[in-house]
Amino acid sequence: MLDIKIIRDQTDTVRQRLAAKKAEALLDPILDLDRERRRLQTEVDQWKNQRNVVSKEIGARKKAGEDISAIQAEMRSLGDQIATADQQIRDLEERFSDLLLRLPNLPHASTPVGTDSSENVVVRTHGEPRAFPFTPKPHWDVGNRLGFFDLERGAKIAGAGFPLFTGVGARMERALISFMLDIHTTRHGYKEVAPPILVNAASMTGTGQLPKMKEDMYYIGADDLYLAPTAEVPVTNIYRDEVLSGPLPVYLTAYTPCFRREAGAAGRDTRGIIRVHQFDKVELVKFVEPSTSYTELEALVGNAEVILQELGLTYRVLQLCSGDLSFAAAKCYDIELWAPGQNGWLEVSSCSNFEDFQARRANIRYRDANGKTAFVHTLNGSGVALARLVVAILENYQQEDGSVLVPPALVPYMGGVDRLTPVA
RNA sequence: GGAGAGAUGGCAGAGUGGUCGAAUGCGAGUGAUUGCUAAUCACUUGUACUUGGGUUAACCAGGUACCGAGGGUUCGAAUCCCUCUCUCUCCGCCA
């Protein structure tokens with residue numbers, strides 16, 4: 001959520017920066033509602049002041065035995081007037097805050113202006129696409145031969161896009177989760193948490209998924225709960241409506257399954273496990289002092305990159321242009337893995353600085369050097385997402401005989417197994 | 001799912017219709033004093049919104065709202081009534 005004071009005072013700048021996200025249309029209705037609300041509020045406040053003063057007087061006169069019926073009647077009608085106006089203010093506020101909650105964050109000055117993903121900027125590439133003496137197969141072929149997953153039965157159980165991992169596949173999921181959590185907790189200073197995966201509407205609003213992206217979420221109507229699309233939601237909301245008492249920064253990491261309806265993605269990446277409704281992910285979340293958030297973002301990307309380096313995978317880091325930036329982000333880097341079976345890049349991490357956009361929505365504050373409360377800056381990034389990481393491992397480490405080498409760093413987590421061999 | 005108890009400022013905890021934005025204690029801050037590093041005294045110390053002043057700052061003055069949330073009664077609600085949420089205890093069910 002943007003600061004209404006900044007919208008008021010620096011309207012032109014805000015308009016310009018929102019235009020880079022094609023979201024400037026909401027601005028004028030918001031300003032109109034704000035003006036109207038304040039005008040009415042000021043008026044009502046004066047009436048209430050009058051009522052408060054007179055009510056005290058009534059108390060005193062009553063005690064003195066005076067007749068107060070006339071003045072009481074007068075106050076009764078003032079009370080009705082106030083009640084009507086209060087209702088109007090509530091309506092205005094509801095419309096106002098609904099619009100404000102639909103206004104995206106402003107792109108940071110360092111975010112390149114662009115319309116879509118074609119204008120994202122490659123910041124760096126690590127490693128070279130591996131050379132194969134044979135034609136690398138897609139992961140669904142590789143995985144099927146290994147008994148790594150059983151996508152047909154997954155579809156039977158829940159539907160397409162709900163993968164069933166089996167045998168070595170299930171083991172590798174578990175291994176990767178432990179491997180990543182260990183690195184982030186022991187080397188990068190994150191504290192591990194295991195949050196609820198069902199979250200309420202307040203949490204979803206706090207991080208920015210609601211109200212705009214409702215259609216992308218699984219919703220459990222009977223209990224009015226949502227399935228978290230990412231651990232970002234429950235983890236960031238740990239400190240909702242709190243003033244952080246300890247020192248900043250706070251680094252948290254969590255493994256959770258993630259659930260996405262992928263409402264607008266029908267027909268894309270339908271084979272294999274590149275685009276699925278349920279996947280595992282290790283997430284990194286930071287709560288930091290505003291002045292440090294951009295150096296913290298660089299460090300966060302580095303934390304995710306370490307995972308890929310340790311696994312010996314080729315990747316590139318992209319900076320998203322304004323048009324491809326997510327709703328709440330001011331600046332975002334994506335990390336993409338090279339997948340030879342797809343002959344393309346797969347996004348496995350998205351690392352964003354939200355500045356105070358989420359903190360303002362979720363009301364997460366800290367005490368600054370002067371002891372005054374101020375909004376923290378929040379950041380998060382995937383560290384990293386599992387399904388596509390598995391795709392990259394299967395496709396990069398496949399051998400001509402159909403076996404797959406286990407990345408050396410992962411072998412201890414696989415019970416010493418260093419090669420997965422075809423079962424049939 | 002059933003029964004009961006509770007929810008007040010950073011924390012603890014009074015307050016049962018007006019003089020309550022809220023006693024008291026703790027904590028924190030400022031100043032003074034004493035001086036075997038700790039103590040005594042005085043004062044200060046919630047948040048949000050808003051109007052005006054002020055160098056779009058610090059800050060100052062006024063107003064409104066906030067005693068879990070929402071609604072009601074009343075000239076007037078922390079206080080009375082209703083609904084809801086959450087916490088705790090007991091029972092039931094359950095991995």
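Remember, it's a predicted structure, so these values are computed and weren't measured experimentally. All chains are named by letter (A, B, ...) in the order of the sequence lines, taking the proteins before the strands, and each is independently numbered beginning at 1.
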Nucleotide [N], atom [atom2] - distance to [atom1] of [X] in whole Å:
| X | N | atom1 | atom2 | answer |
| --- | --- | --- | --- | --- |
| A:Asp224 | B:U85 | CG | C1' | 12 Å |
| A:Ile58 | B:G76 | CD1 | P | 8 Å |
| A:Arg35 | B:U51 | CZ | C1' | 17 Å |
| A:Arg39 | B:C49 | CZ | P | 21 Å |
| A:Ile68 | B:G18 | CD1 | C1' | 11 Å |
| A:Tyr366 | B:G10 | OH | P | 19 Å |
| A:Asp34 | B:A48 | CG | P | 18 Å |
| A:Asp241 | B:C86 | CG | P | 15 Å |

I'd like the [atom1] distance from [M] over to [N], given in whole Å.
| N | M | atom1 | result |
| --- | --- | --- | --- |
| B:U24 | B:A14 | P | 15 Å |
| B:C67 | B:U16 | C1' | 13 Å |
| B:C75 | B:A48 | C1' | 27 Å |
| B:C66 | B:U79 | P | 10 Å |
| B:U33 | B:C20 | P | 36 Å |
| B:G2 | B:G76 | P | 37 Å |
| B:U89 | B:G15 | C1' | 26 Å |
| B:G13 | B:G71 | C1' | 29 Å |

I need a per-nucleotide contact map over nucleotides 58-70 of chain B, read 5' to 3'. Cutoff is protein heavy atoms under 4.0 Å; write B for the base, S for backbone only, - otherwise.
-----BSS-----

Taking NZ, NE, NH1 and NH2 as the nitrogens, is one of them in [X] or [Y] under 4.0 Å from a carboxylate oxygen of the other?
| X | Y | value |
| --- | --- | --- |
| A:Arg360 | A:Asp356 | yes |
| A:Arg187 | A:Glu310 | yes |
| A:Arg145 | A:Asp141 | no |
| A:Arg39 | A:Glu43 | yes |
| A:Lys48 | A:Asp86 | yes |
| A:Arg95 | A:Asp91 | no |

Contact summary for A:Tyr397 and A:Leu311, nearest pair of heavy atoms:
OH-O, 2.5 Å

Between A:Pro290 and A:Tyr366, the two heavy atoms sitting closest are CD-OH, 3.2 Å

Between A:Glu305 and A:Tyr315, does any side-chain donor sit less than 3.5 Å from a side-chain acceptor?
yes

Ignoring hydrogens and angles, state whether a donor on the side chain of A:Glu232 or A:Thr207 is under 3.5 Å from an acceptor on the partner side chain.
no

Of all residues at least two apart in sequence or in a different chain, which pass the side chain to side chain contact (heavy atoms under 4.5 Å, CB included) check with A:Asp45?
A:Gln41

Checking A:Asp224 against A:Asn200 for the side chain to side chain contact (heavy atoms under 4.5 Å, CB included) test, could you report, in this order, the C-alpha distance in whole Å, the side-chain angles of both residues, the deciding distance, and whether it holds?
CA-CA 7 Å; A:Asp224 197 19; A:Asn200 56 30; over 6 Å; no

Counting N and O atoms only, with roles assigned by atom type, does the side chain of A:His139 sit under 3.5 Å from a partner on the main chain of A:Ile273, one being a donor and the other an acceptor?
yes

Output a table of nitrogen or oxygen pairs between the protein and nucleotides 19-22 of chain B separated by less than 3.5 Å.
residue, atom, partner, partner atom, Å
B:U19, O4, A:Lys63, NZ, 3.3

Residues forming a salt bridge (Lys or Arg N to Asp or Glu O under 4.0 Å) with A:Asp241, sequence neighbours excluded
none

So does A:Arg37 get a side-chain nitrogen or oxygen closer than 4.0 Å to the phosphate oxygens (OP1/OP2) of B:C49?
no

Want to settle it: does A:Arg76 or A:Gln87 sit nearer the 5' end of RNA chain B, counting the closest nucleotide to each?
A:Gln87

Canonical and wobble pairing (Watson-Crick, G-U, under 3.5 Å) of RNA chain B, dot-bracket with |:
((((((((.[[[..)..(.....]]](((((((.....)))))))((((((((.....)))))))).[[[[[..)....]]]]])))))))....

Within residues 3-10 of chain A, find the residues that approach RNA chain B with a heavy atom at under 4.0 Å, and present them sorted by residue number.
A:Lys5, A:Arg8

Taking the minimum atom-to-atom distance to the side chain of A:Arg365, which one of B:U47, B:C75, B:U51 wins?
B:U47

Walk me through whether A:Asp80 and A:Arg76 qualify under salt bridge (charged side-chain N to carboxylate O under 4.0 Å, His left out).
CA-CA 6 Å; A:Asp80 292 343; A:Arg76 195 172 299 132; over 6 Å; no

